[in-house]
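Just below is one structure, and these are the notes that go with it.
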Number of protein chains: 2
Amino acid sequence: MPELLSQAEENYLKAIYKVSRRDGTPVSNNAISVEMQTSAASVTDMINRLSQKGLLNYQKRRGVSLTEEGYATATHLVRKHRLWETFLVDKLQFSWDEVHELAEQLEHIQSRELVNRLDEYLGFPRYDPHGDPIPDAEGLMAERQQVALSQLPVGQLAVVVGVKDHTTPFLQYLERTGLLLGVQLRVSERLDYDNSLQLVLDQGTTLLVSQKVGQNLFVQLK
Amino acid sequence: MPELLSQAEENYLKAIYKVSRRDGTPVSNNAISVEMQTSAASVTDMINRLSQKGLLNYQKRRGVSLTEEGYATATHLVRKHRLWETFLVDKLQFSWDEVHELAEQLEHIQSRELVNRLDEYLGFPRYDPHGDPIPDAEGLMAERQQVALSQLPVGQLAVVVGVKDHTTPFLQYLERTGLLLGVQLRVSERLDYDNSLQLVLDQGTTLLVSQKVGQNLFVQLK
DNA sequence: TAATAAATTTAGGCTAGTCTAAATAAAAAC
DNA sequence: GTTTTTATTTAGACTAGCCTAAATTTATTA
Ligand SMILES: [Mn+2]
Ligand SMILES: [Mn+2]
Ligand SMILES: [Mn+2]
Ligand SMILES: [Mn+2]
């Protein structure tokens, strides 16, 4: 039953999806208003409309959760967002730090057929340019056992598979330091003074990164 | 000075562009309301807003025309629309009768960079899947000396270069009869009874088409 | 020219989506 | 167990875009 949703409604759904993935419990009005950068009053308003449409479970003052339909709709939005980002990087040669805002627009284009053809055109990619998994046409996506770089035991070989922080400055930092997806590394030393990490990369080059960087990079054990 | 325009504002601009086709003569409120399928009151309302923004020249009860900026904006919308249609057909294998509605959505995506990269990715096409010229980044587009098939003298060799009617039924009719862009033909006979036309195509196959078809196909003399 | 028709504007109203300010409920701190 | 703080809802207002109905102006026709 894909009712037509406005872009505003879609953005709220996506925000609720995003916040609820972080913990799992019902999402507070407040968390949504922070994520959406709107007033709490606007959130209450929109929550009422979305639960009216059967996309949210909502009890006054007890938080909201996505219904089955709301979850599917949000997942489809994520699918579109990540496929468009992949298109922009793979086909139009955009850099991975330039595509998010564009995908925020493109994700609202309405056409299942277009999304599926785009998916096929891109070769059914499983991850987007930031390493985030792309849901398939049924809404299923890969779940990777990944860990923050800051949690990686010293000496353990691992490979960079994703970013937690998607902002342009962080992505450009990674670009300049060569700490990109697919790079293999190990932590050679953890410096107690400021929790910075001494890394040894692929070809033996070394790199010192701050705690903040370590917390925002996802790696997979090798 | 590309102020941010809403989709509604952009659609009105495009409608005015389409109705006026740069012939200078002011466009009537009524023509816009027919093109947009909205009430005359809504048109008056929007005209006021767009002339406020410097996109239209407007004097009460004397019709509107596009300003230089309004014209450039409308041309850019047409550029985006036609590039996206070309993308959908050339890259995603959509049929030419399926792409218009999708392009109506995609044309509102805001990013000069994206449009220019798409243009390059497509090889700087000069015509869209319907034979309509695509404005370049400066807003310039090819002007073809074309004539309606119904005007073509009997015996004159010509090639199909465009359609006047962009509706799905007409495009599907052309698809089924093989009367597609690039096909060479000549009119072997004009039947007085109903002004239908007997055509001889490329490989000598013949085809009888109604006056309505003749009026909605553009050809170029060979 | 006067009457009629068509086009346009004005007036007023509606919904979606936003806001601020105030009221109320729940949670945290004392 | 009060008090204070935070979260949430309510109330009221605003803009963009749309509408219908009525008023007004311009064009057409008798
Ligand atoms: Mn993104
Ligand atoms: Mn991404
Ligand atoms: Mn079109
Ligand atoms: Mn076209």
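All heavy atoms count here, side chains included; hydrogens, waters and symmetry mates do not. None of the values given here were measured: they were computed from a predicted structure. Residue numbers start from 1 in every chain, and the chains themselves are labelled A, B, ... in the order their sequence lines are given, proteins ahead of strands.
- When the P atom of C/dA26 is taken as reference, atom CZ of A/Arg61 falls 6 Å away, rounded to whole Å.
- Under the 4.5 Å side-chain criterion, counting only non-hydrogen atoms from C-beta, B/Thr177 is in contact with B/Tyr173.
- Taking 4.0 angstrom as the limit, A/Tyr58 places none of its side-chain polar atoms (N or O) nearer than this to OP1 or OP2 of D/dT8.
- For B/Asp45, the salt bridge (Lys or Arg N to Asp or Glu O under 4.0 Å) criterion is met by B/Arg49, not counting sequence neighbours.
- Partner A/Trp96 forms a side-chain hydrogen bond (donor to acceptor under 3.5 Å, both in side chains) with one of A/Glu175, A/Gln172, A/His130 and no other, that one being A/Glu175.
- When side chains are defined from C-beta on, B/Lys53 does not count as touching B/Glu69, because their heavy atoms never get closer than 4.5 Å.
- Between A/Leu102 and B/Ser111, the shortest heavy-atom contact is CD2-CB, 3.5 Å.
- Evaluation of the salt bridge (Lys or Arg N to Asp or Glu O under 4.0 Å) rule for A/Arg117 yields A/Glu113 as partners, not counting sequence neighbours.
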Could you walk me through whether A/Asn11 and A/His108 satisfy the side-chain hydrogen bond (donor to acceptor under 3.5 Å, both in side chains) test, starting with their C-alpha distance in whole Å, then the side-chain angles of each, then the deciding distance to 0.1 Å, before giving a yes or no? CA-CA 9 Å; A/Asn11 286 334; A/His108 299 291; 3.0 Å; yes
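- Heavy-atom minimum distance, B/Leu171 versus B/Asp165: CD2-O, 4.2 Å.
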Under 3.5 Å between N/O atoms: give me all the protein pairs with nucleotides 14-17 of chain D, atom names plus distance.
residue : atom : partner : partner atom : Å
D/dG17  : OP1  : B/Ser6  : OG           : 2.3
D/dG17  : OP2  : B/Arg49 : NH1          : 2.3

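- Taking the six-membered ring where the residue is Trp, B/Trp84 and A/Trp84 present perpendicular rings, their angle passing 60° and hence far from 30°.
- For the pair A/Ile47 CD1 and C/dA16 C1', the interatomic distance rounds to 17 Å; values are reported in whole Å.
- Look at CD on B/Gln59: it is 12 Å from P on C/dT9, rounded to the nearest Å.
- In this structure, B/Asn57 and B/Thr67 approach most closely via the heavy-atom pair ND2-CG2, 3.5 Å.
- Direction of the helix axis in the helix from C/dT1-D/dA30 to C/dC30-D/dG1 shifts by 0° between the two five-pair termini, rounded to 10°.
- With sequence neighbours excluded, the residues satisfying salt bridge (Lys or Arg N to Asp or Glu O under 4.0 Å) with B/Arg79 are B/Asp119.
- Contacts with DNA chain C (heavy atom under 4.0 Å) in residues 29-44 of chain B: B/Asn29, B/Asn30, B/Ala40, B/Ala41, B/Thr44, listed by number.
- Taking side-chain N and O atoms only, B/Lys60 has no distance below 4.0 Å to OP1 or OP2 of D/dT24.
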